[in-house]
Amino acid sequence: SLLSETQIYIDDTPGINVNMMKAKLRRLKDVKLVIIDYLQLMQSERHTDNRVQEVAEMTRALKLLAMRLNIPVLCLCQLNRAAASDRSGEFRATMANLRESGAIEQDADTVCLLHDPPCESSGAGTPSLLELWLDKNRRGPCGHVDATFYKATGRIVC
């Protein structure tokens, strides 16, 4: 398969910042994609008492990194507590629920949010519905796609 033939480099350096990441990416050859899991675990270049400002600086630096290297940078982000506190399944997160910064939605070209609506399931191995909501898309339309989520393997099929 294509994935098995792909060179994948995983860096789990704790407390990495954007400049450290940039230096590592320049040493690697032919990078096609960067995935950050997750943004709020990264460190800022300047440590301040204002985490919102730090996250804003990181998202701007990541945007510039993507532009300079001409590659996509996919950032996974945590939602704020309002999104996590609703267990009814009726709540669907929006960009306003991205944790710690409005700069995330400002700097992102695309924002995709996952929604796992409540469903009647017959067992732990049973696939469930997962909605992928494209809330922001600078290059096209927004909307949603229904997908099937296989929890046992983490596989998502559209």
Could you list the residues that satisfy side-chain contact (heavy atoms from CB on, under 4.5 Å) with Ala103, not counting sequence neighbours? Ala56, Thr59, Ser101, Asp107
May I have all residue pairs that pass side chain to side chain donor-acceptor pair (under 3.5 Å) and include part of residues 60-71, sequence neighbours excluded? Lys63-Asp109
Under the side chain to side chain donor-acceptor pair (under 3.5 Å) test, residues paired with Lys32 that sit two or more places apart: Asp30
Using a side-chain heavy atom cutoff under 4.5 Å and only I, L, V, M, F, W and Y, what cluster partners does Tyr150 have? Val157
What residues join Leu132 in its hydrophobic cluster, counting side-chain heavy atom gaps under 4.5 Å, either direct or through other members? Leu114, Leu130, Phe149, Ile156
Does Ile10 have any side-chain contact (heavy atoms from CB on, under 4.5 Å) partners at least two apart in sequence or in another chain, and if so, which? Ile8
For Arg26, which residues count as a side chain to side chain donor-acceptor pair (under 3.5 Å) partner, sequence neighbours excluded? none
Other than Leu76, what residues sit in its cluster of Ile, Leu, Val, Met, Phe, Trp and Tyr side chains whose heavy atoms are under 4.5 Å apart, directly or through others? Tyr38, Leu41
By side-chain contact (heavy atoms from CB on, under 4.5 Å) - contacts of Glu54 (at least two apart): Ser44, His47, Thr48, Arg51
Hits for side-chain contact (heavy atoms from CB on, under 4.5 Å) against Val31, two or more places apart or cross-chain, chain-then-number order -> Leu25, Leu28, Val34, Ile71
By salt bridge (Lys or Arg N to Asp or Glu O under 4.0 Å), which residues pair with Asp12, not counting sequence neighbours? none
Please enumerate all residues that pass side chain to side chain donor-acceptor pair (under 3.5 Å) together with Lys24, with sequence neighbours excluded. Asp11, Thr13
